Amino acid sequence: MFKSLKLPLPSNFFCCPFAYGYKPKLYSNNIELRKSASYTYMHSLPCPNRLRALLLACKDKASTSKTHALMLLTGLFKHGNSNGGLIASYVKIGDIKSARKVFDVLPQRGVDAWNAMIIAYSRKEYPVEVLNLYSQMILEGVRPDSSTFTVALKACTRLLDLKTGEEIWCRAMDFGFEYDVFVGSSVLNLYAKCGKMDEAIMVFDRMPRRDLVCWTTMISGFAQSGRPIEAVDMFRRMQKEGMEGDGVVMVGLTQACGNLGDLKLSLSVHGYLIRKDLPMDVVVQTSLVDMYAKNGHLKLACHVFKNMPCKNVISWGALISGFAQNGFAGNALNLLVEMQDCGYRPDLVSLVSALLACTQVGFLKLGKSTHGYIVRRLAFDRVLGTAVIDMYSKCGALSWARTLFDQINSKDSISWNAMITSYGIHGHGKEALSLFLEMTKTNLKPDHATFSSLLSAFSHSGLVEEGQYWFNRMVSEYKVPPTEKHYVCMVDLLARAGRVEEACELIDSMNAESGLAVWVALLAGCCKNGKFLIGEMAAKKVLELNPDDLGIYSLVSNYYAKARKWDDVASVRKIMKKTGMKKVPGYSLVEVKGKLHAFLMEDKSHHQNENMMQLLDKLDHEMRAIGYVPQTEFVLHSLDEEVKEKMLCNHSERLAIAFGLLNTGPGTRLLIIKNLRVCGDCHEATKFITKIVNREIVVRDVKRFHHIKNGICSCGDYW
DNA sequence: CCCGTTGCGG
């Protein structure tokens, strides 16, 4: 990061100048300026333009050097004029080192020379060098021009160095560039990229003249700051002022549409591009793919993608990440292969998407080979490392996750949080705590996310005392204001431990409005512990908040069933039917011999169905012999007990387990991935199965892991 | 008098 300009501050400089009533002085004389060298030269030597033309025509090293020599001979070099052109011609042939060498020995350096050098560094993306030269230039008393300020501001934007940027902007205004569109749009971009859209709009509204670039900056600024509605408003305002968009403007709008998820608007943006016959380059088309993918319309995204005459890795990445983000892990992974078949090398983004896809479906084998690919092909950085940690832990390989965690040498709080979360979901609350304590010994500060990870780890392990202790210390010592997420963890922790009264008190003490999630957590705890007094209230609260998740209604209905309030069960069922919410079909996945197999509830279509049923039948008898009693309360239909018991056997995880047992060698660990929470009966049954077949079965449900071995589950039946 | 300078994709 750029340290400091070490320059005297312009007058009235303070934070965002307009916010504090800053009034720029036009053409101020408060800084002693030497006249620029090119200015003096014009009156003393002939034919400067011929030399410039010559320099501009230079195409290679030879002609540049020749002209350079000519300048030295004629004495032009000594007098300083045209040196900007000389530097620029070295830059043009890509020889920045020579350009800098010339620059350093110039007897007189006019603003053109400085600009040429600064622009060269800007193009090569050396923002720190740009700012160094800029400040040196000011100190030497050379008068910067519009380009100088524009490029210097761009450098600050790259570094996200708002403070330096504002300082430069103030100076630009003092030098008379307040209404320069180039300087102005650079300032807008600086604010936009630093996430200060309110300041940007303040500057924007004061601009007397705005070009298309200014509008684009505002539109994409709003889009990228998560304010898509304002981005669209900005575009409408622009049209009202008689401007038409170009491709770049539309890219900003596609981002806004992607975030809004408004298909109609998305289609109209696409339509605008076609109607106005704007050039559809790779960038525009890729942003359309991304827009449709973010809207969840993968078909449209694919359609645009397929019709792209020219694709690149970014286009592929947009589609792959679209599939992965929308939960279509298989499509994402297939696309990654297809991309390679088409001769494109997966890059960071497509690989992270692939990891995400593997994580979603618990495809450890493919995740591992993706990890291998990353290690071989790319530098293994912190971001990728954290993604791989997440993948391993969510694919059940906690110890591998830890090994990798130890290998990351400059961990940020995201890496720590990922590892703490990993211990949490595997039910290792104590390890999560000791890792947290280790983190506090570094100079990283635990933030709200760290405490979310820690508290949820406690809740998965039922560590009530620890939870209360650290919740209090989070507020008092670490000054992290508790968010709803933290409250949910605490309510969950207390309520599941049966301390529903304390959970209630905690909800009452919340500053913010208590949302749906805390009441759901409370209700779940009441349901588990048969606390019908507080449960009644929690159930009412939950229903009042009109949840749109069918799972929540199932919880309420389960609760009423447990409380034997059949009328209420019926009325909740009625709501569920009326709202027409689709039940998410439960499925289970199991990896066998490097392939992932999926099972739906009561799925009889599998070619091994016969064998699986036989095995389950056999296991059912053996389980009953050693004490298994089917818990039919988990089947919600009003059916005969016998039918209910049969249905339990057809739960998807039983099918997956049967398939896994039949197709793997004795003693192999099975990993089952579920998209819902594991049902209580299956949990019991699996414990018995591990005893009978002498295997370890790991089940990942939507919330956490269950490592089941010898009839005992790592969750301690606490989930 | 001219030139260089500002906004876009996973």
Side-chain angles (χ1 to χ4, degrees), chain A residues 38 42 48-49 52-53 55-56 82 84-85 87-89 91-92 110-123 130 144-155 157 172 177 180-190 192-193 200 207 210-221 223-224 234 238 245-256 258 278-294 301 304-305 308 311-325 332 335 339 344 346-354 356:
Chain A
S38 60
M42 296 260 282
N49 288 337
R52 272 168 193 258
L55 282 165
L56 276 171
S82 294
I87 308 266
S89 67
V91 170
K92 196 169 74 190
V111 65
D112 283 6
W114 287 93
N115 280 352
M117 207 60 238
I118 288 177
I119 291 163
Y121 282 130
S122 175
R123 289 213 187 119
V130 169
D145 67 4
S146 161
S147 310
T148 321
F149 287 120
T150 305
V151 177
L153 283 164
K154 190 190 170 108
T157 306
F177 296 106
D180 185 288
V181 267
F182 279 82
V183 172
S185 54
S186 300
V187 171
L188 294 180
N189 199 31
L190 172 74
K193 291 282 141 59
M207 293 173 83
R210 306 178 188 111
D211 64 0
L212 199 55
V213 176
C214 296
W215 289 100
T216 316
T217 308
M218 293 306 289
I219 291 168
S220 44
Q224 285 166 15
M234 213 40 164
M238 181 185 110
D246 68 352
V248 187
V249 173
M250 300 324 279
V251 167
L253 280 178
T254 58
Q255 289 178 314
L278 295 172
M280 291 272 219
D281 60 9
V282 218
V283 178
V284 174
Q285 287 180 314
T286 302
S287 70
L288 284 173
V289 170
D290 182 52
M291 171 183 78
Y292 286 129
K294 282 215 173 74
V304 176
F305 182 79
M308 282 172 74
K311 302 176 177 95
N312 60 23
V313 275
I314 301 178
S315 335
W316 283 92
L319 196 60
I320 292 174
S321 118
F323 274 112
Q325 302 280 349
L335 268 171
M339 164 182 186
Y344 294 92
D347 67 342
L348 195 133
V349 174
S350 41
L351 287 169
V352 168
S353 298
L356 176 68

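Throughout, a chain's letter reflects where its sequence line sits, starting with A, and its residues are numbered from 1. Please read these numbers as outputs of a predicted model, since none were measured by experiment.
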Worksheet item: Counting only distance, no hydrogens or angles, is the base of B:dG7 paired donor-acceptor with the side chain of A:Thr216 under 3.5 Å?
Response: yes
Worksheet entry | Residue A:Asp347, side-chain atoms from C-beta onward, closest of B:dT5, B:dG10, B:dC8 | B:dG10
Worksheet item: Within the structure shown, what part of the strands sits under 4.0 Å from A:Arg123 by heavy-atom distance: base, sugar-phosphate, or nothing?
Response: sugar-phosphate
Worksheet entry | Pairwise side-chain contact, A:Leu188 with A:Cys214, heavy-atom cut-off 4.5 Å (strictly under) | yes
Worksheet item: CD1 of A:Ile320 versus P of B:dG9: gap in Å, rounded?
Response: 19 Å
Item to complete: Check whether any side-chain N or O of A:Lys193 sits under 4.0 Å from OP1 or OP2 of B:dG7, and answer yes or no.
Response: no
Worksheet item: Given atom CD of A:Gln255 and atom P of B:dC8, what is their separation to the nearest angstrom?
Response: 9 Å
Worksheet item: Under 3.5 Å, is there a donor-acceptor pair between the A:Thr157 and A:Asn189 side chains?
Response: no
Discussion item. Measuring to OP1 and OP2 of B:dC3, would you say a side-chain N or O of A:Lys92 lies under 4.0 angstrom away?
Written reply: no
Practice prompt. Select one nucleotide: of B:dT6, B:dG7, B:dG9, the one nearest the side-chain heavy atoms of A:Ser186.
Written response: B:dT6
Worksheet item: Which of the following nucleotides, B:dT5, B:dG9, B:dG7, is nearest to the side chain of A:Lys154?
Response: B:dG7
Discussion item. To the nearest 0.5 Å, what is the distance between CD1 on A:Ile119 and OG1 on A:Thr148?
Written reply: 7.5 Å
Discussion item. Mind checking if A:Thr217 touches a base, just sugar-phosphate, or nothing, with heavy atoms under 4.0 Å?
Written reply: sugar-phosphate
Worksheet item: Using a cut-off of 4.0 Å on non-hydrogen atoms, how would the nucleic acid contact of A:Lys311 be classed: base, sugar-phosphate, or nothing?
Response: nothing
Worksheet item: Please, which pairs that meet salt bridge (Lys or Arg N to Asp or Glu O under 4.0 Å) have at least one residue in residues 280-291 of chain A, sequence neighbours excluded?
Response: A:Asp290-A:Lys294
Practice prompt. Answer with base, sugar-phosphate or nothing: what part of the nucleic acid does A:Leu212 contact at a heavy-atom distance below 4.0 Å?
Written response: base
Discussion item. Applying ring pair (Phe, Tyr, Trp, His ring centres under 6.0 Å), can you list everything that pairs with A:Phe182, at least two apart in sequence or on another chain?
Written reply: none
Worksheet entry | Polar side-chain contact A:Thr286-B:dG9 base: donor and acceptor under 3.5 Å | yes
Worksheet item: Which part of the nucleic acid, if any, lies within contact of A:Ser122, taking any heavy atom under 4.0 Å across all strands shown: a base, the sugar-phosphate backbone alone, or nothing?
Response: nothing
Worksheet item: Contact class for A:Val183 (heavy atom, under 4.0 Å): base, sugar-phosphate, or nothing?
Response: nothing
Worksheet item: Taking all non-hydrogen atoms of both residues, which atom of A:Met234 and which atom of A:Trp215 are closest, and how far apart?
Response: O-CZ3, 3.6 Å
Practice prompt. Ignoring hydrogens and angles, answer whether the base of B:dT5 and the side-chain atoms of A:Ser147 contain a donor-acceptor pair closer than 3.5 Å.
Written response: yes
Practice prompt. Using a heavy-atom cut-off of under 4.0 Å over every strand shown, decide if A:Ile314 touches base, sugar-phosphate, or nothing.
Written response: base
Practice prompt. Rounded to the nearest angstrom, tell me the gap between atom CZ in A:Phe149 and atom C1' in B:dG4.
Written response: 16 Å
Item to complete: Give the rounded distance in Å between these two atoms: CG of A:Asn312 and P of B:dG9.
Response: 13 Å
Discussion item. Regarding A:Asp290, tell me which of base, sugar-phosphate or nothing describes its non-hydrogen contacts under 4.0 Å with the strands shown.
Written reply: sugar-phosphate
Discussion item. Rounded to whole Å, please give me the gap between CG in A:Leu253 and P in B:dC8.
Written reply: 14 Å
Item to complete: Report which part of the nucleic acid A:Gln285 touches: base, sugar-phosphate, or nothing (heavy-atom distance under 4.0 Å, all strands).
Response: nothing
Worksheet entry | Touch class at under 4.0 angstrom, heavy-atom based, for A:Val187 against every strand present | nothing
Worksheet item: What integer distance in Å separates A:Trp215:CH2 from B:dC8:P?
Response: 17 Å
Worksheet item: Looking only at side-chain N and O atoms, does A:Asn189 come under 4.0 Å of OP1 or OP2 in B:dG7?
Response: yes
Fill in: Check: A:Val283 and A:Val251 side chains under 4.5 Å, non-hydrogen atoms
yes
Worksheet entry | B:dG7 base / A:Asp211 side chain donor-acceptor hit below 3.5 Å | no
Worksheet item: Reckon A:Asp281 touches a base, only the sugar-phosphate, or nothing at all at heavy-atom distances under 4.0 Å?
Response: nothing
Worksheet item: Of all the choices, B:dG9, B:dG7, B:dG4, which nucleotide is nearest to the side chain of A:Val248 once you look at every atom?
Response: B:dG7
Discussion item. By the 4.0 Å heavy-atom rule, please label A:Gln224 as base, sugar-phosphate, or nothing.
Written reply: sugar-phosphate
